[in-house]
Peer 1: 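Got a structure here, written out as structure tokens. Questions coming.
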Protein chains: 2
Amino acid sequence: MNHEEVILRRIVGYNLKRANSAVLATLQQVLGPLGLRRVTFSALAVIRSHPGLRQSDLAEILAIDRPNMVLIVHELEAAGFITRTRSQEDRRAYELRATPKGECVSEQSVDAVFDFDRGITEGIGEEERIMLIGLLNRIEANATAMGGEK
Amino acid sequence: MNHEEVILRRIVGYNLKRANSAVLATLQQVLGPLGLRRVTFSALAVIRSHPGLRQSDLAEILAIDRPNMVLIVHELEAAGFITRTRSQEDRRAYELRATPKGECVSEQSVDAVFDFDRGITEGIGEEERIMLIGLLNRIEANATAMGGEK
DNA sequence: TATTGTTATACTCTATAACTATA
DNA sequence: TATAGTTATAGAGTATAACAATA
């Protein structure tokens, strides 16, 4: 049953979706044992490298709606990976920081995800890999520009 | 706030996810007016080019679990885009075929999606585009091989 | 026994409106 | 008035177990 290749497989967006789904399913097997899912992994990594970052800034960086970010930071806080402290300058805002435990788990998980990323790009050279990231960013920018101008 | 680029943006899987999310959001704006969503578009396109295809074969082609495929084909049938007839050879199975209306909508939507796909790959040459699809397929295969061997 | 389609279910992800407290 | 965080909610997408009809 290879005829479908002639149709959908010519569409970049379809291959993008198939690749993303396959990657996500396997990535969850890597992050699960560390007590993380894809989105909490990403959030923790950004918080770790931006101590004191605000929730709304984190949401913007990760392109996640603020209401959904609430659950994510609460999950990270409940796991003991981050602290949320009121900002002195703006008492509406929370400053996010990784705890020592969170630092440790973030470092471990970033290492694991980089290993994983090398696994899924097995057989792809370093130059191609750089170019691939460039192409994906181009697509993201094009799609965002074509879509709703929020 | 560009420091996150140094971390997550080096991960192919993260850029893949960002590109896929941006593409999906904009694609829905294209397919919605045609009465389709991404997965019903894909299913209809495959059914159209494989008249008499079975539901379970369609599910396997699209990598969708059978229980979820039930809703998809019912949606396409309710919209008048496909028919489901009992197979004479195997009376457990349904044969799927596009109706004239379904053929028309499928042709329109495939054209629209190809246009859309050219839009999101604007600035990417034809050679690069072919290579990109090859890289995405490689990643999908690698991730699938690394994941659960179902 | 195995397979096709089905039901029920549940969990994740995402998106919107409306609220509160602060600014 | 506007913004940060929150609540509630609803719609997709996805995954598993168990069933009836048929093979």
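A note on names: the letters A, B, ... follow the listed sequences, proteins ahead of strands, and every chain is numbered from 1.
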Peer 1: In whole angstroms, how far is the P atom of D:dA20 from the CZ atom of B:R66?
Peer 2: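 B:R66 atom CZ is separated from D:dA20 atom P by 19 Å.
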Peer 1: At under 4.0 Å between heavy atoms, what does A:R38 touch on the DNA or RNA strands: base, sugar-phosphate, or nothing?
Peer 2: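 It contacts nothing in the nucleic acid.
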Peer 1: Please state whether the phosphate of D:dT3, meaning OP1 or OP2, lies under 4.0 angstrom from any side-chain nitrogen or oxygen of A:S56.
Peer 2: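 Answer is no, no contact under 4.0 Å.
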Peer 1: Would you say the side-chain atoms of A:S109 pair up with the backbone N or O of A:V105, donor to acceptor, closer than 3.5 Å?
Peer 2: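 Yes, A:S109 side chain to A:V105 backbone: donor-acceptor pair under 3.5 Å.
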Peer 1: I need the residues from residues 91-99 of chain B with at least one non-hydrogen atom less than 4.0 Å from DNA chain D; give them sorted by number, or say none.
Peer 2: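 Those residues are B:R91, B:R92.
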Peer 1: Grab the CG-P distance between A:L71 and C:dA15 for me, whole Å please.
Peer 2: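 Rounded to the whole Å, the gap is 14 Å.
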Peer 1: Considering only side-chain heavy atoms of B:Q55, which listed nucleotide, D:dT7, C:dT4, C:dT6, is closest?
Peer 2: C:dT6
Peer 1: Please give, in whole Å, the distance from C:dT3 P to B:D90 CG?
Peer 2: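 The answer, rounded to whole Å, is 12 Å.
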Peer 1: Donor-acceptor pairs under 3.5 Å, side chain of residues 122-133 of chain B to any protein atom, not counting sequence neighbours: which ones?
Peer 2:
residue, atom, partner, partner atom, Å
B:E128, OE1, B:G125, N, 3.4
B:R129, NH1, B:T121, OG1, 2.7
B:R129, NH2, B:D117, OD2, 2.7

Peer 1: Distance check needed: D:dT6 P versus A:D65 CG, whole Å only.
Peer 2: 15 Å
Peer 1: Determine, for A:Y94 and A:R86, whether the Lys NZ or Arg CZ falls below 6.0 Å from the six-membered ring centre while staying within 45 degrees of the axis.
Peer 2: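 Because its charged atom sits under 6.0 Å from the ring centre and within 45° of the axis, A:R86 does stack over A:Y94.
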Peer 1: Pick the nucleotide of DNA chain C nearest each of A:S87 and A:P67; which residue has the one closer to the 5' end?
Peer 2: A:P67
Peer 1: Report yes if a side-chain nitrogen or oxygen of B:H74 is closer than 4.0 Å to either non-bridging phosphate oxygen (OP1 or OP2) of C:dG5; otherwise report no.
Peer 2: no
Peer 1: In whole angstroms, how far is the P atom of C:dT7 from the CE atom of B:M69?
Peer 2: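 In whole Å, C:dT7 P lies 16 Å from B:M69 CE.
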Peer 1: Between B:N68 and B:R54, who's closer to the 5' end of DNA chain C by nearest nucleotide?
Peer 2: B:R54
Peer 1: To the nearest Å, how far apart are B:D57 CG and C:dT4 C1'?
Peer 2: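 Taking atom C1' of C:dT4 as the reference, CG of B:D57 is at 11 Å.
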Peer 1: What residue among A:E75, A:E95, A:E77 forms salt bridge (Lys or Arg N to Asp or Glu O under 4.0 Å) with A:R84?
Peer 2: A:E77
Peer 1: Round to the nearest Å and state the distance from B:E89 atom CD to D:dA23 atom P.
Peer 2: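 The answer, rounded to whole Å, is 11 Å.
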Peer 1: Output the single nucleotide from C:dG5, D:dT14, D:dG5 whose closest atom is nearest the side chain of B:R84.
Peer 2: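 Closest nucleotide among those given: C:dG5.
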Peer 1: Can you confirm whether more than 12 heavy atoms, excluding those of A:R66, are under 6.0 Å from its CZ atom?
Peer 2: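 Incorrect, the count does not exceed 12.
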Peer 1: Quick check: does any side chain N or O of A:S49 sit under 3.5 Å from a backbone N or O of A:V46, one acting as donor and the other as acceptor?
Peer 2: yes
Peer 1: Please check this pair: side chain of A:T99 against backbone of A:G80, looking for a donor-acceptor N/O pair closer than 3.5 Å.
Peer 2: yes
Peer 1: Give the rounded distance in Å between these two atoms: CZ of A:R86 and C1' of C:dA23.
Peer 2: 13 Å
